[in-house]
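Read through the structure below, which is laid out as C-alpha cells, and then see the notes.
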Amino acid sequence: MTPKAKKESAAKKDTTVKKKTAAKKVPAQEVPGKAKVSKRVPRQTVDVSPAVPAADRERLRHGTHHDPHSVLGAHPVPGSVAFRVFRPYAQAVTVVLGDLRAELHDDGDGFFSALLPLTEAPAYRLLVTYDGTVHETEDAYRFLPTLGELDLHLVGEGRHEQLWQVLGAHVMTHQGVTGTRFSVWAPNARGVRVAGSFNFWDATGCPMRSLGSSGVWELFVPGIGEGELYKFEITRPDGSRTLRADPLARRTEVPPATSSIVHASHHEWGDAEWLARRGDTPVHEAPLSVYEVHLPSWRPGLTYRQLADQLPSYVSETGFTHVELMPVAEHPFGGSWGYQVTGFYAPTARLGTPDDFKYLVDRLHQAGIGVLMDWVPAHFPRDEWALAEFDGRPLYEHHDPLRAAHPDWGTLEFDFGRREVRNFLVANAVYWCEEFHIDGLRVDAVASMLYLDYSREPGQWAPNEHGGRENLDAVAFLQEMNATVYRRCPGVVTIAEESTAWDGVTRPTHHKGPSGFGGLGFGLKWNMGWMHDSLEYMAHEPVHRKYHHHEMTFSMVYAYSENYVLPISHDEVVHGKRSLVSKMPGDWWQQRADHRAYLGFMWAHPGKQLLFMGQEFAQGAEWSEAHGPDWWLLDPSYGAEADHRGVRDLVRDLNALYRTTPALWQRDTDPAGFQWIVGDAADDNVFAFLRLDADGNPLLAVSHLSPVVRHGYRIGVPEDVPAWLEALNTDAARYGGGGVVHPHPVKPEPQGAHGRPASIRLTLPPLATVWLRPA
C-alpha cells in the first residue's frame, strides 16, 4: 500500500477509537517555543526539546522499542510537560485538556510533539486529523501497566495457574477508560506490536512495552472491544518480522483464517447442581461408561448450539454416563481431527463461539452427562503464524532440534523443561476445567512424551542425566499438571492414553514405585493391552480361538496394576482397521453376534468402558470425519434396520444394568471385586467370572464365543445364592439374536464344579454373553 493509500485508509478509522467528532477550529494564541493553545498561559523558559529523540524514533518506526511508554505520552520535564504522539499517516494532532486545545508540532514520520506549561502530566484526549476528518480518542501511551508485580512474578516463576487471565486479549476498564489489554510472552523479541482490524493491520502505531525480565509485552488500547481481530507483529532477533496469532487467544477466526479475536464471555451457567455433586464419589468407585464423539462429524453441519439440542438426548437414551469429545481446541487442518492444535485456549470456531461451546457443556451437565475432553500437550504443528519459533527462536519447542522434532507426525514437541512452557500447558489444563466446566481430560500420546527414544533410532536421541531413556522433564510436567488439576478442580478426572508398561501412571505423584519415580498422578489409564489382545482374539475364526484363549484372559494378570479404561476408540475403526463389527469373522449374523457378545464381555470386565460413535449400532463402514456415522442404518425404511437397532438396544440395556449394578464398577480397582469361575475352558471358548460389589453381592458373567449351542453346560457358583436370574443375554431376539435365553430362575445343584461346592447348568447360546444375578 502506498503512503497516500495508507493515509486514505487511516482517514476512515482511527487506530484506537470508534467515536468520531467534527473538527473544531479554535482560535489559538501562540506561546513562543510551545504549542499553539486556545487560552493564555504563563510563559516559562526551558531548554528541553519536546520531540522524540532520533534513536527512539528509529526504534519506534522499526518496531524494536522495548518501552514506548517512556517516550510517548505525557512526561514532566523541567518547567513543562512534554507531549509526544506517534500517529503514522495523521495530518495533525491536538491535545485536549478540558476546554484547552493544544495543537502539536508535526515532527515528520508520524511524530507530533509539544511542550505545555503544566506542573504534572494530566489526563487528556487527542484529536487526530486524517485528510480533514477528525477523530477524538484516548492516547494508549498515557496509561500505566495493567499487570501487577505478583502476576509478573508468577509468570516468571512458571507458577501462574490462571495464566489466561494475564496473557492474551482482555476487555477491561483501566484508569476509568474501557478498552482491551493485549499481552504476550515473547522474551527473545526485539519488539512487539499489535496489528488488527482496528488499525487496518498496520501495527506501526501500536508498539507494546516489555515488562522487565518476565518476557511479557503489554499494551492497553482504549476504545477497542470484543469482536476485533488481532495478531502480534514480532520483530525477531535478526530484525525480521513475523505476524503471529495469540497463543492464549480465547477465540479465533474460522479456519483457514488464522486471526485471533478479542473475546469476553457472557454465558450464565446452569449446572451448579452437577458441579456440586460430581466429586461425591471417586471416579474409580463410580460407574463410568463413555461415548466418544467427534463433534464436527457426529451430525455434520451442526453447530455447538444445535448439537446441544440433540447430543444430550441421544446420550441419555443410550445410557452412557459421559461423553468424551475428540479435541475441540482450535486446529488448522480438520483432517487431524483436532490432534494438531494451534489455539490451545480456544474452542474451534468451526462450530461456533466459546460461549456456544459452554452452552453445549451446560446442556450435557443438565442432562446428567459428564464431559471429558481430549487434550493434546505432547506436540504442536509448525505453522508459521502459530507457536513454532514464536519470537524468532525456539520458545515453546525444545532448543535441541532432535528433541523438538516429533518423528512421527511432522510436528514439534514442547520443551517441558522450560518453566514458562510448562506453565502454559498446566494452566491450559486448568483453564478447560475451570472456564468450560470440563469434567475430565484424556491426555493424548503420553508415551511419546515419556520416552526420549520414542520412534527414534540410535543416534537420534541422548539419554537423560542418569543415562536412561525417560524424559524427566515430561515426567515432572505430567506430575505437576495432575497435581494442580486435582487440587484446583474437585471431581475432575485425568486419563492417560499411555500404551506402554510405564510404572505408576495412575499412582499418586508422591508415592515412589520400584523404578524410583513417583507416580504420574493420573486418575485412569487407557488399557491398550486389553484392547489389542481382545480384538486379536475376536478376529480369529471360532475354530481357531482355542489356540488364542490367553488373549482374553491375560488382561486379568495386570488388571489391578493401574486404574483402567477399556477403550474401543476412534483409533480402532479407521485407516484400514475396519469398524468393530467388521473385525468379526463369518457372515453378517455371526459378525453381529460376536459384536454383541464382545460388548457384553467388555461391560462386565473390570475397568471403565469407552465406545466410539457408530459402534453402538454396528456400523459396518470405517469412520470418516467427512460424513460421520451412518445414521441411515437406523432408518425404519432400511431393510436391515432391525439388525442395527437391536445392537443399539443392547448398548442401552448394558448401560442401564451397568449403572444399577455396583458389582460392575464399585471395586474396579480392588482385586477382591473379581473372581474367575472358569478361565481355562479353551476348547469350549468359554469365559466365566464373578464381579462383586463392596457388600459381596455378585454378578455372574459367562461369555461363549463358539457358534454352537452348548446344552447343560455346568458352571461352578457360590453356594450361598439360592437362585440365579438372567439379567442380560446378548442372544435375545430383541437384539437380533437367536433367542436362546433363560426365562426362569436357575437353581444351583449340590454338585461341585470349577472348585466350587455348587454349580448351575446353563444352555449357552452361540456367540453370546449372559449375565446372571441373584434372584
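Relative orientation of the His437 and Trp269 rings is parallel, given thresholds of 30° and 60° on the angle between their planes. Under the 30°/60° scheme for interplanar angles, the aromatic rings of His294 and Trp623 are found to stand perpendicular. Note on ring orientation: taking the six-membered ring where Trp is involved, the planes of His575 and Trp337 are parallel (angle under 30°, cut-offs 30° and 60°).
No side-chain donor-acceptor contact under 3.5 Å links Asp246 to the backbone of Ser260. A distance-only check finds a donor-acceptor pair linking the side chain of His331 to the backbone of Ala329 [under 3.5 Å].
The pair Lys577-Asp571 does not count as a salt bridge, with every side-chain nitrogen at least 4.0 angstrom from each carboxylate oxygen.
Taking the six-membered ring where the residue is Trp, the centroids of Phe344 and Phe424 are separated by under 6.0 Å. Within the 6.0 Å centre-distance limit, the rings of Tyr598 and Trp530 are counted as a close aromatic pair.
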Problem - Criterion salt bridge (Lys or Arg N to Asp or Glu O under 4.0 Å) on Glu616 and Arg648, from CA distance to verdict - result: CA-CA 5 Å; Glu616 78 275 16; Arg648 194 175 73 172; over 6 Å; no

Practice task
Begin with the C-alpha distance, continue with both residues' side-chain angles, and end with the deciding distance and a verdict on ring-ring contact (aromatic ring centres under 6.0 Å, His included) for Trp164 and Trp432.
Solution key: CA-CA 11 Å; Trp164 67 93; Trp432 289 104; over 10 Å; no

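Between Tyr339 and Met326 there is a side-chain heavy-atom pair separated by less than 4.5 Å. The closest side-chain heavy-atom distance from Ser289 to Trp603 is below 4.5 Å. Contact annotation: the side chain of Thr321 approaches that of Arg659 to within less than 4.5 Å [non-hydrogen atoms, C-beta and beyond]. Glu226 places a side-chain heavy atom less than 4.5 Å from the side chain of His266.
Within a 6.0 Å radius of CZ in Phe554, no more than 12 heavy atoms belonging to other residues, nucleotides or ligands are found.
Of the N and O atoms on the side chains of Ser579 and Gln619, not one donor lies less than 3.5 Å from an acceptor on the other residue.
Tyr564 does not carry Lys525 over the face of its six-membered ring by the limits of under 6.0 Å from the centre and within 45° of the normal.
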